[in-house]
Amino acid sequence: MRAIVVDRIAGPLAVQQVAVPEVPAGGVLVTVAATGLCRSDWHAWAGHDDIALPHVPGHEFAGVVAAVGAGVTRWAVGDRVTAPFVEGCGACEWCRGGNAQVCPAQQQPGFTHWGSFAEQVVIHAADTNLVAVPAGVSFEAAASLGCRFATAYRALTRRARLAGGEWVTIVGAGGVGLSAVMIAKALGGKVVVVDRNPGALEVAATLGADHVLVADGSDIPSQVQAVTGGSHVSIDAVGSEQTCADALLSLRRRGRHVQIGLLPPVEGHPRVPMARVIAWELDVFGSHGMAAVDYPGMLALIASGALEPQKLIERIIGLEEAAAMLPHFDTANVAGMTMIDPTR
């Protein structure tokens, strides 16, 4: 099969012919119809995650079941499917409790094993981790759910517990940030979006953001405070020392912060304004995707028309273009999601 292969950390990428992965017991092989290009994939390429070389990135996808391993009971060849980017083992106390996203024995396509920047990808513990894609939902829209959309949904509903009428500040208007805009508005929230890219802010406004701010080096927290009186909820959807601090300092007293963007210790462990966290009794939450069992609520909002993930897709590209784009994805001015069609 054709796949984007990482032969060297932070090295040049190319599309190569590689062997199709073997189907494990309890797992399935999925023919990839669409897969998203995400900042997390850049982190893996850059060496911020422990990956074994050679490696195929890619962790959010949708497609059709091509082969079924021994012991799988819920899925058959030809089923339209997607999956969260965290594959729980299905047997531990966290998986049994509905929290597969923190399974200690978790697998992650594109990180712990070869991912979806390829014509086919393996999913482990399929009966626990696969999600059926309704016929009326496109593969591109379904692929957007597996990481950014699902992560934003759980961050706002299960972690921050955003209530109608509350202000939420979202720092970063990429895929996960714009997903959070849509979800927050569907939940009745009021939204401030911060980004350095004016084009991304224009997209955020079209999706319902009540106020947008350009991250141009000015005092973002003070501007948010002036608009909102301090947000009830903040989300860092980028993952840097500056964006984390801006999000936290935008909160009102007793506010809730959700950290979605990774904070790699590129220049030492990032500083966080903990004095404010303590003095104002701020709640700080991590959010790491969403388990398959939590998909029904999100899919119900999509089925009702309240959420339209396909609106976040800015472009669809082939594997060769994705291989050229990934090394520069951390600095790219991208508004919305980039989807890869491996058949192009």
Pair [X] + [Y]: basic N to acidic O under 4.0 Å:
X    : Y    : answer
D210 : K185 : yes
D330 : R39  : no
K311 : E308 : yes
E281 : R276 : no

The test is side chain to side chain contact (heavy atoms under 4.5 Å, CB included); show your working for L248 and L282 and say whether it passes. CA-CA 8 Å; L248 274 166; L282 305 178; 4.2 Å; yes

Do [X] and [Y] have side chains that approach each other closer than 4.5 Å (heavy atoms only, starting at C-beta)?
X    : Y    : value
L326 : L13  : yes
R154 : Q101 : yes
H257 : D236 : yes
M182 : L312 : yes
S144 : M339 : yes

What is the distance from atom [atom1] of [X] to atom [atom2] of [Y], rounded to the nearest 0.5 Å?
X    : Y    : atom1 : atom2 : value
M337 : I313 : CE    : CD1   : 7.5 Å
L307 : L187 : CG    : CG    : 7.5 Å
R159 : I260 : CZ    : CD1   : 11.0 Å

List for me each residue that meets side-chain contact (heavy atoms from CB on, under 4.5 Å) alongside P198, sequence neighbours excluded, and say none if there are none.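 P198 satisfies side-chain contact (heavy atoms from CB on, under 4.5 Å) with no other residue.
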
What residues form a side-chain contact (heavy atoms from CB on, under 4.5 Å) with L299, not counting sequence neighbours?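 Result, side-chain contact (heavy atoms from CB on, under 4.5 Å) vs L299: V131, L145, Y295, I302.
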
Is it the case that the side chain of [X] and the backbone of [Y] share a donor-acceptor pair, with hydrogens and angles ignored and the cut-off at 3.5 Å?
X   : Y    : result
D41 : C38  : yes
R2  : A118 : no
R74 : D127 : yes

Begin from the C-alpha positions of I235 and L156 and carry the test side chain to side chain contact (heavy atoms under 4.5 Å, CB included) through to its verdict. CA-CA 9 Å; I235 287 180; L156 286 167; 3.7 Å; yes

Could you check whether [Y] and [X] have their ring centres less than 6.0 Å apart?
X    : Y    : answer
H48  : W42  : yes
F85  : H288 : yes
H124 : H113 : yes

How would you list, by chain and number, every residue that makes a salt bridge (Lys or Arg N to Asp or Glu O under 4.0 Å) with [X], sequence neighbours excluded?
X    : answer
E140 : none
R161 : none
R252 : none

Only one of E314, R315, E321 passes side chain to side chain donor-acceptor pair (under 3.5 Å) with T338; say which it is.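 Result for side chain to side chain donor-acceptor pair (under 3.5 Å) with T338: R315.
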
Both conditions, 6.0 Å and 45 degrees, for the charged tip of R80 above the ring of F139: are they met here?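 Judged by the rule (NZ or CZ under 6.0 Å from the ring centre, within 45° of its axis), R80 counts as positioned above F139.
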
Less than 3.5 Å apart, any donor N or O on the side chain of [X] or [Y] sitting next to an acceptor on the other?
X    : Y    : answer
Q242 : D246 : yes
T169 : S250 : no
S231 : S234 : no
Q106 : Q108 : yes
Q16  : D7   : yes

So does [X] have more than 12 non-hydrogen atoms from other groups sitting under 6.0 Å from [atom1]?
X    : atom1 : result
R254 : CZ    : no
D50  : CG    : no
W94  : CH2   : no

Do you know which two heavy atoms are closest between [X] and [Y], and how far apart they sit?
X    : Y    : value
A215 : V194 : CB-CG1, 3.9 Å
A291 : A100 : CB-N, 3.8 Å
V258 : A160 : CG2-CB, 3.7 Å

Take W114 and V18 through the side chain to side chain contact (heavy atoms under 4.5 Å, CB included) test and state the conclusion after the steps. CA-CA 11 Å; W114 281 13; V18 298; 3.7 Å; yes

Check which hydrophobic residues are tied to I123 through side-chain heavy-atom contacts below 4.5 Å, counting indirect links as well, and list them.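 Listed partners: V28, V30, V32, F61, V65, V68, V72, W75, V77, V81, V121, L130.
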
